[in-house]
Amino acid sequence: MESKGGKKKSSSSSKSLFAPLGYSIEDVRPKGGVKKFRSAAYSNIGSSKAFVMGNPAKPQKWHVYCASAGVQSRDDPVYTVEMCMTGLNREKASVFFKSNSASAAVMTEASGIRKILPNSEICDFDFDPCGYSMNAIEGPAISTLHITPEDGFSYASFEAVGYDPKVVDLSQLVERVLACFRPSEFSIAVHAEINAKTIEQKCALEVNGYSREEGTIEEVGTCDSVFYQKFCKATAGYAASKMTLKCCWKEKEEEKD
Ligand SMILES: C[S@@+](CC[C@H](N)C(=O)[O-])C[C@H]1O[C@@H](n2cnc3c(N)ncnc32)[C@H](O)[C@@H]1O
């Protein structure tokens, strides 16, 4: 889970964060963090690995904790895509205030969330006075979205698991998510049971309107990799932005033509 806005509760290793309104932001890390996870306390796990990705000099990083009962090798790797977005566009964020949208269903439509994975079945919820969460299912695949729209510490997270990259193009999926929020910064972490070279070939992104600040790949085991990329808005001209995928996620567009 990526560290995000809000005040650090203390200098303790738990790194629990509190947003200005006082609610606790989820922290799925084991208490004690990476060091504890690597320690004897977790030695009963078959195989485990914990590490932090991202620039050590920057506040936002990607904490990865992996545990497995044994080596897994799959012909059809499961892809997990996680996006963390901060600095949401104010107009886009305003949709997630009850004063502007009558219901969660209205937010789902007005924001463009309905178009992200249009065939998914969405269960959405609107918080009072603002905020939005949804969980969605589509056959064996799931997705989830959580939005904190308050200006000054706005944040949205998106996660999709189990979508076939040959069916759902990664670059287009990311573009649809970004269109809902126009964040000033975002990161994307992709995990799959493929090696580092393959995940880089399939998942390296170039996003017009954004500059890629970081790109790191870690192999978790013999056949698992995590690819973390961080982007910052390059110009104000998001409207003109267009995304291309450097090395394609699914077969090249030409094959469709
Ligand atoms: C969508 S919830 C999701 C929180 C989640 N822990 C996360 O990881 O982001 C956050 C938004 O709902 C609002 N909210 C209102 N009541 C809340 C509550 N009881 N608990 C959490 N968030 C609440 C917050 O102000 C914020 O805008």
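Numbering of ligands and ligand atoms starts at 1, following listing order. Throughout, residue positions are numbered sequentially from 1 according to the sequence presented.
Between F125 and F127, the distance from one ring center to the other falls under 6.0 angstrom.
Close contacts of ligand 1 with D128, meaning ligand atoms under 4.0 Å from a residue heavy atom, involve 15 (C), 16 (N). Close contacts of ligand 1 with G131, meaning ligand atoms under 4.0 Å from a residue heavy atom, involve 11 (C), 12 (O), 27 (O). Each of the following atoms of ligand 1 lies closer than 4.0 Å to a heavy atom of S133: 1 (C). Near T148, meaning under 4.0 Å from one of its heavy atoms, ligand 1 places the atoms 10 (C), 11 (C), 26 (C), 27 (O).
Judged by a 6.0 Å distance limit and a 45° cone about the ring axis, K230 is not positioned over the six-membered ring of Y228.
Considering every non-hydrogen atom in both I199 and S225, the closest pair reads CD1-O, 3.5 Å.
Here D128 does not pair with K98 in a salt bridge; the nearest charged N to carboxylate O distance is not below 4.0 Å.
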Side-chain donor-acceptor pairs of residues 102-111 under 3.5 Å, sequence neighbours excluded:
from: S103; atom 1: OG; to: A105; atom 2: N; distance (Å): 3.4
from: S103; atom 1: OG; to: V106; atom 2: N; distance (Å): 3.1
from: T108; atom 1: OG1; to: A104; atom 2: O; distance (Å): 3.0
from: T108; atom 1: OG1; to: D124; atom 2: OD2; distance (Å): 2.5
from: T108; atom 1: OG1; to: Y132; atom 2: OH; distance (Å): 2.7
from: S111; atom 1: OG; to: M107; atom 2: O; distance (Å): 2.6
from: S111; atom 1: OG; to: T108; atom 2: O; distance (Å): 3.4
from: S111; atom 1: OG; to: I113; atom 2: N; distance (Å): 3.1

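The closest non-hydrogen atom to atom 1 (C) of ligand 1, taken over Y132, Y155, F153, comes from Y132. For atom 13 (C) of ligand 1, the nearest non-hydrogen atom from the set P149, A156, C130, S154 belongs to C130.
For the side-chain contact (heavy atoms from CB on, under 4.5 Å) criterion with Y210, the lone passing option out of P183, C232, S184 is P183.
Considering backbone and side-chain N/O of E150, one or more are found under 3.5 Å from N/O of ligand 1.
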